[in-house]
Amino acid sequence: MTTTYNCTSEDQRALGLEHAQRAISEKKCVVFPTDTVYGIAADAFSPQAVTMLLASKGRSRTMPPPVLIPRINALDGLATDVSADARKLAKAFWPGGLTLILHAQPSLDWDLGETQGTVALRMPADEVAQELLTLTGPLAVSSANRTGQPPAQTAAEARAQLAESVEVYLEGGFRPVEGTDAVPSTIVDATGPLLRVVRNGAVSLEQLREHVPGVLGLGEIPMAEPEEESEPDALPAESAADEPAAEEPAAEKAAGEPSEPSPPVRETDG
């Protein structure tokens, strides 16, 4: 039976977290607040639970959900080949509104959808979310709304859309703040040699560049390295129009065969 708990009350919060932990262990879905919007969550290591999450949203496997983690040291357990720049951003903005797309640990037994060997990780800055993640471990999470509808900013809004497909709703009030619009996390693709923003959100490009100056903005193409002149009066390097086009972010990729597979488009996270 679907139950809503008022997590602004300590007693209700404790009961709600206990019920949510039990629901996750039973491969069911729960809704809880994060620092950006409300999220619908399921056990990241249960294909059955992830399938239920996607079905609840009306979403296909082509848009796999991100994974929320309780602490930064979970990063290396879930991802591999994490660059120094990616670690700088994680250290600077976790917990917070930054999602990093990384190469998934190949040994992990999970199925989040058509991920192309990647995983999108985030550590949310929200007490209720942190308490739940500490109890359950990593959770597959997407925004708590039906596909095509606005992200829920309260558990009540989420319940109006998701109804009985969710076992537990943890109500924590408006997210991020009552009277403001929902703002998703910023997503940065950290699977290649250069970090690039694939979705703008809570963390601005300027903030990212304070820590990693070379982060590419949404749709930006890296500047080509100048060619060395073989003799003093050699002709200038070829124009940018004649150089191979840089791969575009996954969310805006043009038709054509890329040099490397790009991470899939992610649904808005919690």
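Throughout, numbering of the chain's residues begins at 1 and tracks the sequence.
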Is there a donor-acceptor pair closer than 3.5 Å between any side-chain N or O of [X] and the backbone N or O of [Y]?
X	Y	result
S165	L162	yes
T186	V203	yes
S46	D43	no
H103	V82	no
R59	S56	no
Q153	T180	yes
Q149	Q161	no
E171	Y5	no
S25	R22	yes
Q207	R209	no

Shortest non-hydrogen contact from [X] to [Y]?
X	Y	answer
S143	V37	CB-CG2, 4.2 Å
N200	P184	O-CG, 4.4 Å
A79	L121	CB-CD1, 4.2 Å
A152	N145	N-CB, 4.3 Å
I24	A41	CD1-O, 4.0 Å
R122	W94	CA-CZ2, 3.9 Å

Is [Y] reachable from [X] through a run of hydrophobic residues whose side-chain heavy atoms are each under 4.5 Å from the next?
X	Y	result
V128	F174	no
L216	V198	no
V215	L98	yes
L208	L195	yes
M123	V212	yes

Open item on the list: If you count every heavy atom of other residues, nucleotides or ligands that lies below 6.0 Å from E26 atom CD, does the total exceed 12?
Closed with: yes

TODO: Evaluate whether atom CG of N73 has more than 12 neighbouring non-hydrogen atoms of other residues, nucleotides or ligands under 6.0 angstrom away.
DONE: yes

4.5 Å side-chain heavy-atom contact, [X] and [Y]:
X	Y	answer
D111	R61	yes
E131	T134	no
P33	L170	yes
Y38	R175	yes
L108	L78	yes
I69	L133	no
S83	K88	no
L54	P65	yes

Once rounded to the nearest 0.5 Å, what's the spacing between atom [atom1] of [X] and atom [atom2] of [Y]?
X	Y	atom1	atom2	value
T154	Y169	OG1	OH	11.0 Å
L112	S142	CG	OG	11.5 Å
D189	T118	CG	OG1	8.0 Å
T115	M63	OG1	CE	14.0 Å
R87	L100	CZ	CG	11.0 Å
T34	E127	OG1	CD	13.5 Å

Would you please say whether a donor-acceptor pair under 3.5 Å links the side chains of [X] and [Y]?
X	Y	answer
T8	N6	yes
R159	T4	yes
Q21	T136	no

- [ ] Assess whether side-chain contact (heavy atoms from CB on, under 4.5 Å) is satisfied between V31 and V168, documenting all intermediate values.
- [x] CA-CA 6 Å; V31 162; V168 176; over 6 Å; no

Task: Test log, rule side-chain contact (heavy atoms from CB on, under 4.5 Å), inputs H19 and E167 - done: CA-CA 9 Å; H19 190 174; E167 174 79 3; 3.2 Å; yes

TODO: Evaluate the side-chain contact (heavy atoms from CB on, under 4.5 Å) criterion for residues V183 and T36: first the C-alpha distance (whole Å), next the side-chain angles of each, then the deciding distance (0.1 Å), finally the verdict.
DONE: CA-CA 6 Å; V183 179; T36 54; 5.9 Å; no

TODO: Take V67 and L139 through the test side-chain contact (heavy atoms from CB on, under 4.5 Å) and record every step on the way to the result.
DONE: CA-CA 5 Å; V67 173; L139 293 175; over 6 Å; no

